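See below for the structure under consideration.
Quick note: numbers below take in every heavy atom, side chains included, and nothing from hydrogens, waters or symmetry partners. Computed from a predicted structure; not experimentally measured.
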Amino acid sequence: MGFDVGVVPFNPDGWGPPETPAAPPLLGGAVATASIPFAPFSRSDKLGRIADWTRNPGHPGAHAAASRDSIFDFTSTDDFLAAAAEDSSFSLVDAKPPPRQPRFGPKWRFNQRPQLPQRRDEEVEAKRREAEKERARRERHYQNHRSHHHQGFRGNQASQAKPSVDIQPDWTMLEQIPFANFTKLSFAVNDQPEDLLVCGAVESYDRTYDRVNPKTQRRLERFKNRHFFKITTTDDPIIRRLAEEDKATVFATDAILAALMCTPRSILSWDIVVQRVGNKLFFDKRDGAQLDLLTVNETAQEQLPENKDDINSAHSLAVEATYINQNFSQQVLVRDGEKVTFDEPNPFATENEEAAPVCYRYRRWKLDDNISIIARCEVHAAGADPSGARQFLTLNALNEFDPKITGVDWRQKLESQRGAVLATELKNNANKLARWTAQALLSGADMMKLGYVSRVQPRDHFNHSILTVMGYKPRDFASQINLNTANMWGIVKSLVDICMKFEEGKYVLVKDPAKPQLRIYQVPNDAFENDYVEEPLPEEEQVRPATDDVDATAEEMDAAAEAEANKAGTQGGDGEKSAAAAVA
């Protein structure tokens with residue numbers, strides 16, 4: 001059989017089928033109905049719209065909308081009604097309404113917040129990402145600065161840091177000990193040393209200063225006629241006599257031992273001279289050494305300026321702190337009170353000068369069967385406990401120079417937040433406080449008094465006020481600042497063992513100014529003698545030494561301060577140079 005294409009009507013009037021087309025016969029003899037839908041189209045229409053059988057409106061409103069576009073509708077009215085009737089027979093299986101949210105409670109309040117537009121959300125998210133990037137950048141900068149600080153570096157000026165003593169070409173470096181090795185050392189020494197001799201005299205502590213507060217502050221007085229001595233080990237006549245009597249093998253002072261014991265906490269450079277004579281060791285300090293001055297903000301994050309003309313430079317503040325410490329130790333004593341005398345008078349004072357009342361205790365510790373050490377320890381005042389028993393006290397003063405730099409205003413915080421003030425000082429002056437504590441432990445003091453002294457005005461470094469005085473037991477305070485006595489003696493024992501292996505001669509221990517390590521040099525026997533000076537000072541800073549004491553006396557500092565203040569007409573400005581020139 002062939003394929004019958006049927007009848008194709010011809011429209012003589014135009015394009016498209018005729019208005020009354022003939023009904024073509026279908027297969028089987030049936031006649032097709034004339035209700036076949038047809039949508040006329042133009043040549044600009046897409047071909048896909050002509051044969052679109054996918055359109056199926058699912059709701060009654062769709063038929064009304066579709067009627068406006070009926071030129072492209074391929075469904076008849078009967079088909080739409082049949083589809084709508086069929087859809088109406090379907091129903092939801094679960095007609096349970098969704099649970100209602102409570103109108104009270106945190107979830108309801110959170111849900112009721114107005115939602116931000118999408119664009120505003122994107123802006124908020126972008127700002128949050130920028131804030132996170134800025135926080136991460138600051139954190140990296142802080143960590144880098146902190147790591148450099150703990151390694152002994154001070155910003156961009158680390159490479160410019162100089163050692164406390166000029167290293168000569170003919171010196172030979174024998175040892176280089178990192179601080180990490182010191183932190184692991186431990187040695188148990190006898191807690192009850194033997195007192196071989198006690199010299200000097202002390203006055204009683206004035207307990208009225210325990211009640212001083214920022215509201216009842218007292219001006220710091222100047223003691224012009226009292227002399228302070230910082231005699232080194234080999235210049236001490238008592239130590240020479242004990243060495244001749246062969247009382248020990250190692251000799252030092254409490255300041256030198258404290259510097260060695262607190263070596264891992266130090267940042268600035270310092271040096272100690274070691275002399276090996278026969279089977280004995282003498283730990284000395286040079287004339288005008290860094291150990292005679294008290295450091296200020298040594299362990300703080302922010303570096304102090306190096307310009308000596310600035311009153312807030314490291315050197316000027318060190319001179320000012322030493323001056324304050326000396327005057328404070330004399331002002332808190334009972335005036336014209338009865339002195340407590342000991343076996344011998346002050347070995348360094350002469351008949352024509354008034355020496356500051358100090359008790360020198362020559363104490364001996366036994367390190368092992370062959371090595372024992374004698375140290376001259378200082379006690380500054382005497383007192384009595386509640387039971388009436390005598391107590392020995394050490395007196396030291398912390399100084400505030402500018403609250404904007406330290407970040408804590410003592411006049412506002414000392415009464416309400418004493419712990420915060422002490423914590424800030426422990427962070428900025430960890431090495432100085434550790435040394436004071438070590439000296440108190442070595443001297444056997446029952447109490448250590450810490451005074452808080454501040455400038456009357458931030459730009460006036462001549463006038464100060466005592467804001468308060470706090471007392472601590474040395475052992476309790478050592479535990480509070482994490483100062484381990486076993487580690488302290490372990491450091492001393494290791495250095496003594498190292499130096500005992502050297503031949504007779506002179507050596508120097510130097511704290512590296514840029515790295516946390518200690519170096520040992522062998523130097524000529526005539527080094528640091530005959531007025532040996534590593535770096536000559538400028539002419540305006542050279543001061544004639546009055547005595548063997550290299551620290552400035554109260555009289556010298558007061559005269560220099562008054563001369564500069566009168567010259568400048570003010571207590572600031574050019575008068576700042578006098579404090580830097582007051583150290584012999």
Side-chain angles (χ1 to χ4, degrees), residues 203-224 294 296-297 300 311-312 317 320-337 380-386 391 393-429 432-433 436-437 440 446-474 476-477 480-481 554 557-558 561 565 570-572 575 579:
E203 297 178 354
S204 299
Y205 172 73
D206 190 353
R207 292 185 176 274
T208 59
Y209 281 90
D210 291 338
R211 298 188 293 271
V212 174
N213 55 60
K215 296 181 180 179
T216 61
Q217 55 185 294
R218 299 189 184 183
R219 292 292 294 269
L220 183 66
E221 302 177 10
R222 300 171 183 174
F223 294 83
K224 304 179 180 180
L294 299 176
V296 178
N297 278 27
I311 63 173
N312 291 335
L317 287 175
E320 180 183 353
T322 306
Y323 177 59
I324 290 173
N325 201 75
Q326 292 176 350
N327 289 328
F328 172 79
S329 65
Q330 304 305 305
Q331 182 171 344
V332 296
L333 301 177
V334 177
R335 305 295 175 86
D336 301 328
H380 304 135
D385 59 7
Q391 287 184 332
L393 288 76
T394 59
L395 307 174
N396 301 103
L398 297 166
N399 62 301
E400 180 191 37
F401 55 96
D402 192 345
K404 295 182 180 178
I405 297 179
T406 57
V408 178
D409 190 349
W410 288 3
R411 286 179 168 83
Q412 297 180 1
K413 301 295 183 180
L414 272 177
E415 283 191 313
S416 59
Q417 299 180 6
R418 290 192 175 189
V421 175
L422 180 59
T424 303
E425 290 302 307
L426 289 175
K427 180 184 68 174
N428 297 337
N429 298 284
K432 179 169 66 176
L433 287 170
W436 287 347
T437 307
D446 301 292
M447 187 71 66
M448 52 185 298
K449 294 289 185 178
L450 290 182
Y452 290 80
V453 181
S454 177
R455 292 177 180 175
V456 176
Q457 297 294 334
R459 299 301 300 176
D460 180 9
H461 63 295
F462 296 126
N463 300 304
H464 303 82
S465 298
I466 302 176
L467 302 182
T468 189
V469 180
M470 301 183 187
Y472 304 93
K473 293 183 178 181
D476 297 342
F477 193 73
Q480 184 176 350
I481 65 175
M557 295 196 69
D558 183 66
T570 60
Q571 294 179 345

Glu425 and Trp410: side-chain contact (heavy atoms from CB on, under 4.5 Å), yes or no, with the steps?
-> CA-CA 11 Å; Glu425 290 302 307; Trp410 288 3; 3.2 Å; yes

Take Val212 and Val469 through the test side-chain contact (heavy atoms from CB on, under 4.5 Å) and record every step on the way to the result.
-> CA-CA 7 Å; Val212 174; Val469 180; 5.6 Å; no

Test log, rule side-chain contact (heavy atoms from CB on, under 4.5 Å), inputs Leu433 and Leu450 = CA-CA 10 Å; Leu433 287 170; Leu450 290 182; 4.1 Å; yes

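Across all their heavy atoms, Pro214 and Leu414 have their closest contact at CG-CB, 3.9 Å. Smallest separation of non-hydrogen atoms from Glu320 and Ile311: OE1-O, 4.4 Å. In this structure, Leu393 and Gly383 approach most closely via the heavy-atom pair CD1-N, 3.6 Å. The heavy-atom pair separating Asn396 from Phe328 by the smallest distance is O-CE2, 3.3 Å. The two residues Leu395 and Ala381 have their closest heavy-atom pair at CD1-CB, 4.0 Å.
The shortest distance between side-chain heavy atoms of Val334 and Glu203 does not fall below 4.5 Å. The closest side-chain heavy-atom distance from Leu333 to Gln330 is below 4.5 Å. Looking only at side-chain heavy atoms (C-beta outward), Glu400 and Asp409 come within less than 4.5 Å of each other. Looking at heavy atoms from C-beta onward, Gln217 lies out of side-chain contact with Val453 at the 4.5 angstrom threshold. Side-chain atoms of Arg222 and Phe462, non-hydrogen and from C-beta on, do get closer than 4.5 Å to each other. The shortest distance between side-chain heavy atoms of Gln391 and Tyr205 does not fall below 4.5 Å. Taking 4.5 Å as the limit, every side-chain heavy atom of Gln326 sits out of range of all side-chain heavy atoms of Phe223. Counting heavy atoms from C-beta on, the side chains of Leu422 and Tyr452 come closer than 4.5 Å.
To the nearest 0.5 Å, the span separating CD on Gln480 from CG on Leu426 amounts to 6.5 Å. Here the NZ-CE distance, from Lys449 to Met470, works out to 11.0 Å after rounding to the nearest 0.5 Å. Rounded to the nearest 0.5 angstrom, Asp402 CG and Arg455 CZ are separated by 7.5 Å. In this structure, the separation between CZ on Arg459 and CG on Asn312 is 5.5 Å, given to the nearest 0.5 Å. From Asp385, atom CG reaches atom CE of Met447 across 9.0 Å, with rounding to the nearest 0.5 Å. Rounded to the nearest 0.5 angstrom, Leu294 CG and Asn429 CG are separated by 9.5 Å.
Using cut-offs of 30° and 60° on the angle between ring planes, the pair Phe477 and Tyr472 is tilted.
Looking only at atom types and distance, the side chain of Asn213 has a donor-acceptor partner in the side chain of Thr216 under 3.5 Å away.
Looking only at distances, no side-chain donor or acceptor of Asn399 sits under 3.5 Å from a matching main-chain atom of Ser454. With hydrogens and angles disregarded, no donor-acceptor distance shorter than 3.5 Å links the side chain of Asp206 to the backbone of Val332. Panel note: side chain Thr437, backbone Pro474; no donor-acceptor pair is recorded below 3.5 Å. Under the 3.5 Å distance criterion, the side-chain polar atoms of Gln417 are left unmatched by any main-chain donor or acceptor of Gln412. In this structure a side-chain-to-backbone donor-acceptor pair under 3.5 Å is missing from Ser465 to Arg219.
In summary, Glu221 and Arg335 engage in a salt bridge, as defined by a charged side-chain N under 4.0 Å from a carboxylate O.
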